[in-house]
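Whatever order the structure lists ligands and atoms in, that order sets their numbers, starting from 1.
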Amino acid sequence: MASQPIDFTELAVPGVRGLAPYEPGKPMAELRREYGVDDIIKLASNENPLGPSPAAVEAVQRSAGDLHRYPDGNGFELKAALAAHHGVAPERITLGNGSNDVLALVALAFLGPGRVSVFSAHAFAVYPIVTCAAGATARVVPALGPETAQPHGHDLEAMAAALDGDTRVVFVANPNNPTGTWVDEDALGAFLDRVPPEVIAVVDEAYFEYAAEEDGFPDASRWLDRYPNLVVTRSFSKVHGLGGARVGYALSHPGVADLLNRVRQPFNCSAPAQAAALAALGDRDHVARSVALNREQRAWLRGELERMGLAVLPSAGNFLTFQMGDASAEVNEGLLRAGVIVRPVDNYGLPGAIRVTVGTAAENRRFITALERQRTRAA
Ligand SMILES: Cc1ncc(COP(=O)(O)O)c(C=O)c1O
């Protein structure tokens with residue numbers, strides 16, 4: 001056969017053709033390879049700077065001898081622990097390979113050609129990816145203006161108005177990444193009251209434990225009875241420090257969980273991941289320590305950034321997003337050379353903005369020192 005160049009993009013399903021791959025924070029090994037820097041701090045992926053709970057590490061080590069066995073495909077033990085933790089029946093829980101996986105399951109089960117998902121501008125990047133991959137249409141609702149109390153945050157009024165007969169899923173990130181903005185209990189409740197029962201309302205609470213510190217921050221997991229169409233997603237990647245293990249879950253009506261489980265890969269949550277998550281869930285001290293560190297260090301970081309005259313968005317998460325304007329690319333490059341990995345978020349429709357994860361006190365000091373040096377150079 002004559003070897004004609006093949007246009008694989010043409011062969012792909014329409015929704016995939018226009019997609020750009022998710023851009024993760026630069027891995028430390030990549031910086032080491034590309035820049036030859038050895039002493040690196042990574043403040044780019046909203047990971048827990050304290051690492052995982054020691055109990056989770058031990059659990060993974062204990063599970064290593066059974067690596068030849070498939071995991072429990074139903075995640076019985078982990079689901080039982082989560083059910084007790086949330087005070088819900090295990091039938092309401094769907095486990096995922098990270099909460100990203102659960103978001104993809106929602107799209108697989110409820111979206112498709114001719115169907116629409118609604119989400120905010122500057123919302124988490126996975127919503128458009130799972131929507132388009134499912135062949136559905138993404139309806140992006142303009143965010144709140146920069147002068148509001150939650151600049152670039154979700155405009156729930158506008159989002160409710162954007163739901164129509166074709167809409168099957170609406171995504172609310174609370175708090176949102178990369179903005180850090182959040183919606184309070186009254187606003188979220190009023191919004192969910194307006195979501196028609198045939199629209200699945202996903203409330204993505206990946207940063208819940210950090211955000212729960214805010215006055216009036218809603219715990220949507222308590223509203224499952226009130227809103228049968230509600231899906232709450234949670235993650236073990238953030239406060240539990242298990243991003244590398246990949247565990248997340250959804251809480252929903254059992255009927256929704258049944259559908260999500262139909263499209264779930266049989267062993268999507270590995271045995272070490274389940275063991276780690278189970279141990280992490282039991283280590284409440286580690287969670288409390290992680291939340292306390294974040295509270296203290298986020299305030300410090302914000303103070304330092306503001307002292308430099310930088311505009312910082314409000315944040316209920318373990319990260320801050322600030323505006324570097326035209327100097328952003330140069331400053332980021334300088335930070336990389338200094339061994340500090342942060343996350344420019346221009347690709348979220350926030351040109352010139354940089355997101356930094358709240359690290360340990362030492363990491364944050366090093367970041368601020370490096371940033372000050374870069375700013376002086378860029379000026
Ligand atoms: C808002 C939000 N949702 C979901 C996720 C997915 O997290 P994971 O798949 O690691 O659970 C993230 C990760 O950064 C996030 O920021």
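From the protein, the heavy atom lying nearest to atom 14 (O) of ligand 1 is Lys238 NZ, 3.0 Å. Protein heavy atom at the shortest distance from atom 2 (C) of ligand 1 is Asp204 OD2, 3.5 Å. Protein heavy atom closest to atom 12 (C) of ligand 1, with residue, atom name and distance, is Phe124 CZ, 3.3 Å.
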Report the C-alpha separation of Glu209 and Lys238 in whole Å, then their side-chain angles, then the decisive distance to 0.1 Å, and conclude whether the salt bridge (charged side-chain N to carboxylate O under 4.0 Å, His left out) test is met. CA-CA 9 Å; Glu209 291 81 356; Lys238 305 303 175 186; over 6 Å; no
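Partner of Tyr249 under the ring pair (Phe, Tyr, Trp, His ring centres under 6.0 Å) criterion, out of His85, His240, His86: His86 alone.
Contact check for Phe367 versus Leu301: side-chain heavy atoms found under the 4.5 Å cut-off. Within the 4.5 Å cutoff, no side-chain heavy atoms of Pro344 are placed close to those of Met324. Val263 has its side chain out of reach of Phe110: every pair of non-hydrogen atoms, C-beta onward, lies at least 4.5 Å apart.
Close approach of ligand 1 to Ala206 is summarised as follows: ligand atoms under 4.0 Å from at least one heavy atom of the residue are 2 (C), 3 (N), 4 (C). Each of the following atoms of ligand 1 lies closer than 4.0 Å to a heavy atom of Ser237: 8 (P), 10 (O), 11 (O). Near Arg246, with a cut-off below 4.0 Å to any heavy atom, the atoms of ligand 1 are 8 (P), 9 (O), 10 (O). Close approach of ligand 1 to Asn177 (heavy-atom distance below 4.0 Å) involves ligand atoms 1 (C), 14 (O), 15 (C), 16 (O). If you number the atoms of ligand 1 from 1 as listed, the ones under 4.0 Å from a heavy atom of Gly98 come out as 9 (O), 11 (O).
Within 6.0 Å of atom CZ in Arg307, more than 12 heavy atoms from other residues, nucleotides or ligands are found, so the atom counts as buried in its surroundings. At most 12 heavy atoms of other shown residues, nucleotides or ligands fall within 6.0 angstrom of atom CG in Asp326. The environment of CD in Glu214 is crowded: more than 12 heavy-atom neighbours from other residues, nucleotides or ligands sit within 6.0 Å.
Between Ser235 and ligand 1, at least one pair of N/O atoms sits closer than 3.5 Å.
With atom 6 (C) of ligand 1 as the reference point, the heavy atom nearest to it among Ala125, Ser99, Gly317 is part of Ser99. Among Phe236, Tyr207, Phe319, Tyr249, the residue whose heavy atom lies nearest to atom 16 (O) of ligand 1 is Tyr207.
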